[in-house]
Each structure stands twice: as C-alpha cells, then as structure tokens.
Amino acid sequence: MIFKHLFRSKHQNPDPQVRLKAIENLNSEDPQQKSVLHELAFNDSDVTVSLAALQKLDSFVLWYKMSEIAKNERVQKKSQQYVENTLLDKQNNALSEEEKRKFILETKDIRIVEKLLMQPWVQQDTPLAMTLLQKADKPQLQDKLLFDTQNESLQIAILQTLSDHAQSRKLLTKIQKKTSSNDIITLAKDKLDSWLAAEKAPIEIEQQVKMMLSRLLALKDHGDFLVIQEQQKALTKQYTQISERFNCLPEFKRLEIEQKFADISARVERSIAVMEPQWRAQQQELALSENIQTLVQNVEQCLTEVATQLNTRISEISSPEVDSFVEKSEQLAAQLSELIGQVPASKSEIHKQLEQLNNQLLSSLHTLSSLPEFQQVIKKCQSLLQKFDDLTLPNDASQIEAAHEYIREQKVIWRDTVANYQKYMPKQLSQQWNERLKNWQQAIKTLKNQLDGDVSRCRNKLRAVESLINQGKFKAAMGLYQKVQKWYSELPEKQQGYLERSFGSVKEQIENLKDWQEYIAAPRKPALLVDVEALIAQPLEIEEQSKAIKSLRSQWNSLGKTDSESDHALNVAFEAAIEKAFAPCREYYDQQQKQREQNMLAKQQILVEIKGLGDHQEAVSELAKSLRNVQQKWKNIGEVDFKLRNALNDNYQQLLKPLRDKVSAFYQDNAEQKQALLTKAENLLELESVDDAIEQAKKLQQTWKTIEHAGRKAETQLWPAFRKANDVLFAKKSELNQQHKAVLDQQVSLVKEQVSQFETLCSSAQDNASVQNALQQKQDINDAILSLPIRDRKALEQRVQKVVEQQQSKLTEFAKMAKSQTYQALFSALEEWQSESDIPAAVANLNKPWQQCFREVDSDLDRLDITLKMEIVAQLDSPSEDAKKRQNIQMQLMAQKLQSGDSLDLEALLKDWIRAGALQTSDLTLLQRITPMFVNS
C-alpha cells in the first residue's frame with residue numbers, strides 16, 4: 001500500500017528518482033504491484049518513469065499499445081523499437097513463433113507490415129506474406145517484393161493476383177527480363193499472353209462473325225443449290241463454334257449478332273425453298289444428259305473399235321468378227337432411236353449430235369457389209385503408192401511445172417478411189433500417201449523458193465544500181481552492175497522476161513556513165529588536189545586534220561580512174577600530197593604511242609612496288625598507308641595500249657587482292673573491338689549507380705585510344721555512336737547533380753494546378769471548337785506530368801485520361817451530328833438537281849469534293865448499278881425486281897476482290913452516284929434507297 005500511495009500521490013514525492021527506485025522493488029507478478037506499474041507506465045508524466053515501468057512489466061502487448069497511444073515522441077519511438085525488435089529479430093524470444101504469427105495476422109499497423117514484408121523469413125512463408133501484402137495494399141510494395149524475394153512460390157502467388165492494366169503489363173514484361181527462373185518467365189509470359197488474347201478476343205470474334213455473316217448473306221444470291229446447302233451447314237457449324245466464345249462480348253453486342261444471324265439464316269432458307277424445285281428439274285435433265293453422254297461414249301467406242309480393226313486388220317478380219325460388230329452396231333442404233341424420242345424438241349443441238357452418230361453407225365454397217373470391195377480399194381491404193389515411190393523427186397527449176405501437173409493428177413485418182421471408205425482407210429496407208437505427197441510438194445516449194453530468191457536478188461540489185469547512180473556513186477554502181485549482169489544471164493528465160501525492162505534500163509544508164517566518167521573526173525580531181533595542198537600549207541588540229549584527209553581520199557577514190565596520162569599524173573600527185581598532209585598526224589600518233597609505252601613502264605614499276613609490299617613484314621597500319629599511296633599513283637598514270645590494258649589491270653588486281661584482304665582483316669578486327677566497347681558503353685546506361693557507370697566509361701575511353709584505325713567507313717559509324725553513349729551517360733550524371741527536392745515539389749504543385757485548370761476548361765466546353773481548343777493543352781500537360789517523379793504521375797495521368805475520354809466522346813457526337821447534317825444538305829441539293837446545266841444554289845454551301853462531283857458528270861455511269869453496289873457494301877436489301885442484277889454485280893465484286901484485294905468504299909460510290917448526272921423522276925426512288933446509309937449512320 002505504501003508504493004501505491006507513493007505513486008498515486010506525486011505531489012507528496014515529486015522526485016522521479018524516488019519513483020524509479022521504487023519501481024525496482026516492485027514485483028510484476030503481484031497483481032496489486034502490477035497494477036501500480038501499469039498506472040506508472042501509462043499515466044506518469046515523466047518519460048523515464050514510464051519507460052522503466054514498461055520494462056519492468058516486460059509485456060509485448062503493453063509495449064505495442066504504448067506505441068499506438070503514446071503522446072511523448074520518445075516513449076512512442078522506444079515502444080515502436082521494442083515492437084519491431086520483437087517481431088523483426090529472428091533471435092528475439094519475447095514471443096513464440098505462434099504468438100508472432102498471430103499478432104502479425106491481426107495487426108493493422110501498415111508501417112510494421114511493410115517492414116515485416118522485407119524480412120526473408122516472412123517472405124519464405126507465402127500465405128503470411130500474401131496476407132500482409134493484402135493488408136498493406138500498396139502496389140509499389142508488391143512490385144518490389146516480386147523482384148526482391150528469393151521465394152519462387154511467393155513470386156508465383158503475386159503474379160497470380162495481378163489484374164490486367166498497363167502497369168501490370170509492364171511488370172510482367174520486366175519480370176521476364178530480370179528473373180532467371182523458367183517457371184516464373186513462363187507464368188509471366190502466359191499471363192501476359194492471356195491478357196492480350198482476352199483484349200483481342202472481342203475484336204477477333206466480331207471480325208470472324210462479320211466475315212461469316214457476309215459469306216452467309218452472299219449465299220442468298222448464289223446460283224448453285226447444292227453449294228448453298230453445303231456452305232449453309234458449314235457456316236452454321238462455324239457460327240456455333242464462334243458463339244461458344246460470346247461470353248467475352250457485351251450483352252447488347254451478343255444479342256445484335258444473334259439477331260443478325262437469325263435474319264440472314266431466314267433469308268437463306270427462303271432462297272433455298274425457292275431454288276429447290278428448279279434444282280430437282282435440273283437433276284432430271286442432268287440424268288438424261290448423263291444417259292446421252294454414256295450412250296454417245298459407247299457408240300463412239302464401237303465406231304473407234306471398228307475403225308481400228310479395219311485400219312489394222314483389213315485383210316485378216318473374219319466373218320464372225322464382222323457379224324459381232326454388225327450386231328453391236330444395230331443394238332446401239334436402236335438405243336439411239338429410243339433416246340432421240342426422249343430428248344425434247346427444243347434441244348436441237350443434241351438431236352443433231354445423235355442423228356450424226358446414227359448416220360455414222362449406218363455408214364459403219366454399210367462398210368462392214370461391203371468388206372470385199374473395201375479390200376480391193378486397199379490394194380489399188382497400195383499400187384498408187386508404189387508408183388509414187390518409183391519416181392525421182394524434182395531437182396531442177398525446169399521440172400517445176402511438170403511436177404505440179406503430176407501431183408494434181410495423183411490427188412484426183414486417190415480421192416476418187418477412197419471416196420466411199422474415207423473414214424475406215426488404214427492410218428498407215430493414209431500416212432504413207434500424205435508423206436509422199438508432202439515430200440513432192442516440199443521439193444517443188446524448195447525449187448520455187450530458190451528460183452524466186454534468185455529473181456528477187458537480181459531485181460533488188462538492179463534497184464541498188466539505179467540508187468547508186470542517182471547518188472553519184474558511179475564507180476560502185478558499175479561494179480555492182482557486173483555482178484547483176486552475171487546473175488541475170490543465169491536465170492531461165494521465163495524469169496528473165498520478168499526483169500527484161502528493168503535490166504535494159506539499167507544497162508543503158510551504165511553505158512552512158514562510162515562516157516561521162518572521164519568528163520566528170522577531169523575538173524574535180526584538180527580541185528581536190530588544191531584542197532590537200534591547203535591542208536599542207538595551213539594544217540588543222542590533229543583530229544580535224546585526220547578527218548579532213550580521210551574525207552578527201554574518199555572523194556578522190558569515188559571519181560575512179562581512167563587510162564589517160566593526165567589522170568595518172570593527177571593520181572600520183574594526189575598520193576604524194578596526201579602523205580605530206582598526214583605527216584603531222586603520224587608524228588602526233590607516234591608521240592602518243594611513246595607516251596603509252598612510258599605509262600606501261602610506269603605501271604609495271606608500280607606492280608614491282610606492290611610485290612615488294614607483300615614481301616615486307618611491316619605493320620598493317622603502315623601497309624594500309626603504303627597501299628593507299630600505290631593506288632593513287634596508279635590512278636594518276638595515263639592510258640596504255642588498249643591491247644595490253646585488260647591484262648595489265650588483271651595483274652594489278654591480283655597483286656593487290658591479298659594486301660587488301662590483309663588490311664581489311666586488320667580493319668575488321670579493330671572494328672569488332674570498338675563495337676564491343678560501344679556495346680559496353682551503351683549497357684552502362686542501364687546501371688543504377690551513375691558514378692560506377694562513369695568510372696567504367698572512362699576506362700572504356702582509355703581502351704578505345706589503344707585500338708588502331710578501323711577503316712574510314714567503320715570509324716564514321718562507331719566513333720559518333722561511342723561518343724554519344726558517353727555523352728548521354730555524363731549528361732545523366734549532370735542531371736542528377738542538379739536535381740533538388742524543393743524544385744520538384746514546386747513542379748508537382750504547378751502541374752496539379754494545370755490539371756485542375758484543364759478539367760475546368762474541358763467541363764465548360766459545349767461545342768466542337770471549344771473542345772478542340774481545350775484538348776490542345778493535353779500534350780503540354782502530359783509533357784509536364786512526364787517530367788514528374790513516377791510516384792506523382794499515375795493519379796494525374798488518370799485524371800487527364802478521364803477528361804480526354806469524356807471530351808473524345810463529345811467530339812464523336814459532334815462529328816456524327818455534323819456528318820449527318822452534311823449528308824442531309826447534300827441529299828436536299830440532289831433532290832433539287834433536275835438539269836445538269838442548272839446546278840442548285842445549295843451546292844455552293846457543300847464541301848469542295850461534293851461540289852466537284854456535281855461538275856464532273858459522267859454519262860457512262862449507271863446510277864442503278866451504283867445503288868446496288870452501295871446496298872451490297874452497306875448490307876442492305878434491294879427490291880426483288882433488282883435481285884438478278886444485284887446477284888451479277890455481287891459476283892463481279894467478289895471476283896474483283898479475289899483478284900486484286902480491293903474493296904469498295906461507300907463514300908466513293910456516293911461520289912460516282914452524283915457524277916451520274918441530274919436526277920430524273922426515277923432517280924428520286926434511288927435517292928430514297930441510299931439516304932438511310934448516310935443520314936442514319
């Protein structure tokens with residue numbers, strides 16, 4: 001009672017030391033003294049006394065309670081420290097494992113929960129760790145634990161709790177790169193893939209359904225009954241399989257798809273019901289057609305067999321065989337007669353075919369009944385062939401006419417002989433006859449072609465002689481005339497008659513030329529000689545001098561020679577003068593040749609120098625310099641004799657190749673070393689410690705300096721990239737050094753204010769212009785948010801994204817309204833358009849593309865065809881009277897899409913619809929049909 005009185009009446013003993021000393025003598029096991037200690041721990045004004053009482057009580061529960069309610073900071077910190085040591089220190093036995101676990105499961109202190117989650121022993125207990133994570137409810141803590149823990153089962157449990165959003169996807173991508181566990185990588189990949197698949201599933205299902213419904217709808221206009229039935233079953237089965245995945249679609253979308261399927265299926269069923277009677281009639285007609293085809297094949301087979309026997313065994317065929325063929329032919333003829341009666345009279349072509357087969361059968365029967373006469377015809381034909389073989393083919397032009405007459409006679413005899421048995425003549429006999437006939441015709445043709453060629457050559461050359469005379473080339477004309485005269489004399493008399501007039505005319509001109517030759521040459525040659533002497537007196541540039549000399553010599557030669565002494569003297573004088581005029585050219589060409597020889601020696605010297613480079617064992621860097629010098633010297637040397645050029649260059653390339661390869665290998669090795677350094681420098685950007693990265697970068701720079709040149713091309717790529725990687729790293733260091741917390745806080749405050757202003761501005765926007773104006777600030781705000789630390793971004797980004805989505809919805813509604821109004825104005829103008837020359841005034845208020853359509857009238861466009869195409873694209877029904885035309889157009893569109901992959905565009909079709917011209921009364925109905933495609937869309 002003394003202690004109790006003492007501690008409760010502090011005014012009697014104000015000294016805390018007295019209370020502290022008394023605490024030492026108190027027994028925490030005694031209920032009364034324990035109550036005193038409890039009172040001192042929680043109600044004493046002195047911090048030291050409170051802490052001493054708590055230590056005496058030594059109760060984890062009391063320490064934990066004090067950590068929650070203590071008003072004094074020191075007491076609170078001391079209590080928290082005790083609680084944390086008890087829970088976090090594995091060696092601390094103040095609580096049993098069971099007590100610790102129970103407390104951990106019950107505690108709501110998030111601060112302790114976060115520290116517990118950092119303990120390896122907690123992380124090894126997967127259920128416990130997951131419970132604590134749920135209490136903490138901090139995604140950042142969960143993400144950190146996912147990467148830091150060594151407990152793979154905990155990682156798996158965390159991954160399984162992730163839900164699909166942008167941060168989770170980034171997390172799964174990162175875990176695949178950071179972890180080495182194949183199970184974790186597989187789980188992360190599978191989960192990410194499942195999200196992506198779930199995201200794509202509604203789109204894929206809608207696309208599959210759309211394609212399936214399009215194919216099903218196309219069946220309505222298909223013309224093949226069996227194909228419609230078969231494909232309807234297949235598409236219905238396909239729809240059933242797709243419908244098993246409809247649970248990922250919104251309810252309204254699922255109901256819409258089911259309704260569309262039901263409607264289209266009903267339309268297809270109606271088409272099937274309409275087509276079935278017609279199909280059955282077609283099947284009956286097909287059965288008759290098959291019977292006809294079978295009988296035709298049998299008849300043709302019988303006729304072929306008879307023809308084969310008659311062609312190959314005409315002299316061996318026996319009477320029983322003939323009787324068998326006759327009996328079979330008569331049976332087939334009876335079947336033909338019966339089948340002809342079943343074929344409708346409208347099938348005139350089939351009637352005609354069967355009648356022809358019947359006539360062939362009768363012809364076959366006639367041949368078989370007169371077989372002895374047919375055998376006599378075969379012998380006569382063999383005799384005609386033998387006579388043909390005994391004659392020699394024509395081999396002279398004089399035999400052409402007689403050979404022609406003989407062939408005509410033999411063809412008449414053969415035709416008359418085989419007239420009644422043409423179809424059954426042995427093929428070998430007919431082939432022999434055709435071969436001999438062909439040989440004679442070919443021989444006659446060859447002789448005729450040869451003779452025609454001689455006549456043609458002579459005629460063409462006569463024309464050439466006349467042309468040369470007209471051009472003043474008299475010498476060439478007289479030379480060619482000598483040859484033509486010989487060819488003309490060798491022609492037969494008949495062919496000479498064809499050319500007699502032309503030859504006589506040319507002959508007369510040539511004889512006149514001989515008289516004029518000397519007259520023409522007499523004044524011309526002295527003039528040419530004067531021109532040559534002028535070139536001697538005043539030479540031109542070398543190339544011009546050479547061309548002038550060639551021209552003068554050509555002109556001189558064209559004047560020819562006569563037997564007079566004066567002409568001979570002129571020829572001698574011309575030759576002497578022309579040689580003198582050419583002397584400077586010859587001297588110049590000799591100098592050029594000498595220069596080429598000197599160049600040849602210089603290049604050969606370089607070849608020797610290149611060989612020397614290969615023999616010396618100098619450093620590769622020095623070899624590269626020497627090689628560049630040698631190549632430059634080679635380029636600086638002029639041309640050599642063209643006959644030696646290729647061989648010299650080949651030798652040069654062969655000697656150069658091993659040296660180039662050596663230098664290239666040297667450069668390649670250096671480039672690979674520098675590329676490795678570049679890769680390391682780029683990887684340094686991923687290090688968390690910028691200081692460590694910079695130290696390593698400095699070492700890489702020193703190593704770079706020790707590596708020799710890697711070639712101009714590689715250096716221009718590697719060095720800028722290496723320098724850029726280092727610059728980025730040092731810039732990162734500079735940026736980190738300049739960061740300051742106060743600046744960041746101020747920046748966060750400013751950005752939040754911007755977001756608030758953005759929200760206010762967007763909420764007050766009530767038209768398209770004001771919404772667009774407000775959204776223009778989005779990029780600036782996003783950029784400002786991106787400049788903030790990651791911890792401050794998410795909430796602001798979500799606020800901005802929410803506002804943007806709301807405004808996008810507004811814009812979509814505005815756009816729909818504007819588009820609908822535009823189309824309404826367009827269709828109103830179309831209703832008023834009754835004359836192509838009188839465009840309605842309302843058109844001026846439309847957009848320019850629509851205005852242009854009113855001006856680009858194309859009379860070839862069919863407005864009904866375009867309307868049907870638009871209804872096909874929009875998947876709208878057409879009137880029943882247009883069903884057949886629509887089906888044809890739809891088939892054309894399908895073929896076009898299969899061939900080119902192109903699809904029609906509804907708006908482009910509308911432009912063509914307008915270009916079809918002013919609207920007639922009938923077009924107003926078409927306008928009403930297309931209006932719902934746009935106004936209600």
Side-chain angles (χ1 to χ4, degrees), residues 213-214 217-223 260 263-264 266-268 270-271 273-275 278 815-897 902-937:
L213 291 178
S214 298
L217 182 62
L219 291 180
K220 179 176 66 68
D221 299 320
H222 201 287
K260 281 187 177 180
D263 293 344
I264 294 174
R267 294 168 68 180
V268 174
R270 288 196 295 270
S271 296
V274 171
M275 294 177 63
Q278 182 182 359
K816 286 183 178 179
M817 292 171 59
K819 190 174 182 180
S820 180
Q821 291 172 358
T822 300
Y823 283 126
Q824 286 175 351
L826 174 63
F827 292 134
S828 296
L830 282 170
E831 286 180 357
E832 299 174 8
W833 193 24
Q834 299 178 0
S835 172
E836 294 173 1
S837 60
D838 185 16
I839 296 176
V843 173
N845 298 324
L846 300 177
N847 295 334
K848 288 185 177 179
W850 297 119
Q851 294 180 22
Q852 192 67 22
C853 293
F854 281 86
R855 301 188 187 100
E856 296 176 347
V857 173
D858 186 351
S859 58
D860 292 333
L861 293 173
D862 189 328
R863 185 161 275 149
L864 176 58
D865 284 356
I866 299 172
T867 302
L868 291 172
K869 290 179 182 178
M870 295 171 75
E871 289 173 339
I872 291 170
V873 173
Q875 297 186 2
L876 297 176
D877 289 338
S878 303
S880 57
E881 61 266 25
D882 295 334
K884 185 173 182 181
K885 190 166 189 177
R886 171 174 172 143
Q887 180 179 355
N888 294 334
I889 292 175
Q890 193 163 10
M891 295 299 292
Q892 294 172 5
L893 295 180
M894 292 175 65
Q896 177 183 345
K897 185 171 183 181
D902 295 332
S903 298
L904 294 180
D905 176 66
L906 203 57
E907 189 165 292
L909 288 170
L910 178 56
K911 290 180 179 180
D912 286 341
W913 199 94
I914 298 171
R915 292 188 186 101
L919 273 66
Q920 306 300 322
T921 303
S922 58
D923 293 334
L924 294 176
T925 303
L926 300 180
L927 182 63
Q928 293 174 359
R929 284 166 61 177
I930 68 170
T931 299
M933 302 178 194
F934 300 90
V935 173
N936 297 329
S937 59

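What you are looking at is a predicted structure, and each value in this text was computed from that prediction instead of being measured.
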Visitor: Quick check for you: to the nearest 0.5 Å, what is the distance between K869 atom NZ and E871 atom CD?
Guide: 13.0 Å
Visitor: Would you compute the distance between atom CE of M870 and atom CG of D905 and round it to the nearest 0.5 angstrom?
Guide: 10.0 Å
Visitor: May I ask you to test the D865-K885 pair for a side-chain heavy-atom distance under 4.5 Å?
Guide: yes
Visitor: Tell me if a side-chain donor or acceptor on E856 pairs with a main-chain N or O of R915 at a distance below 3.5 Å.
Guide: no
Visitor: Measuring from I914:CD1 to Q852:CD, what's the distance to the nearest 0.5 Å?
Guide: 11.5 Å
Visitor: Test salt bridge (charged side-chain N to carboxylate O under 4.0 Å, His left out) on D263 and K260; report intermediate values, then the result.
Guide: CA-CA 5 Å; D263 293 344; K260 281 187 177 180; over 6 Å; no
Visitor: Which distance, rounded to the nearest 0.5 Å, do you find between the CD1 of I930 and the OG1 of T925?
Guide: 12.0 Å
Visitor: To the nearest 0.5 Å, what is the distance between CD1 (I872) and CD (Q890)?
Guide: 4.5 Å
Visitor: Does any part of the side chain of W913, heavy atoms only, come nearer than 4.5 Å to the side chain of L927, both counted from C-beta?
Guide: yes
Visitor: When rounded to the nearest 0.5 angstrom, what distance separates OG in S922 from CG in L924?
Guide: 8.0 Å
Visitor: So which heavy atom on K911 is nearest to which on P849, and how close?
Guide: NZ-CB, 4.1 Å
Visitor: Which atoms form the tightest heavy-atom contact between D862 and L864, and what is the distance?
Guide: OD1-N, 3.0 Å
Visitor: Return the minimal non-hydrogen interatomic distance between A842 and A829, and the atom names on each side.
Guide: CB-CB, 4.3 Å
Visitor: Which residue pairs pass the ring-ring contact (aromatic ring centres under 6.0 Å, His included) test when at least one of the two sits in residues 859-894, sequence neighbours left out?
Guide: none
Visitor: Would you call R929 and L868 a side-chain contact if the rule is heavy atoms closer than 4.5 Å?
Guide: yes
Visitor: Quick one, Y823 and M933 - any side-chain contact, counting heavy atoms below 4.5 Å?
Guide: no
Visitor: I need the minimum non-hydrogen distance between D912 and L861, along with the two atoms involved.
Guide: O-CD1, 3.4 Å
Visitor: Can you find a pair of side-chain heavy atoms, one from L919 and one from R863, that are under 4.5 Å apart?
Guide: yes
Visitor: Can you check whether Q875 reaches S214 side chain to side chain, under 4.5 Å on heavy atoms?
Guide: yes
Visitor: Stepwise, does the side-chain hydrogen bond (donor to acceptor under 3.5 Å, both in side chains) test hold for S878 with R886?
Guide: CA-CA 8 Å; S878 303; R886 171 174 172 143; 2.8 Å; yes
Visitor: Measure the shortest side-chain to side-chain distance between L910 and L826 over non-hydrogen atoms and say whether it is less than 4.5 angstrom.
Guide: yes
Visitor: Considering all heavy atoms of both residues, which atom of G917 and which atom of V857 are nearest to each other, and what is their separation?
Guide: CA-CG1, 3.9 Å
Visitor: So which pairs with a foot in residues 849-872 pass ring-ring contact (aromatic ring centres under 6.0 Å, His included), sequence neighbours left out?
Guide: W833-F854
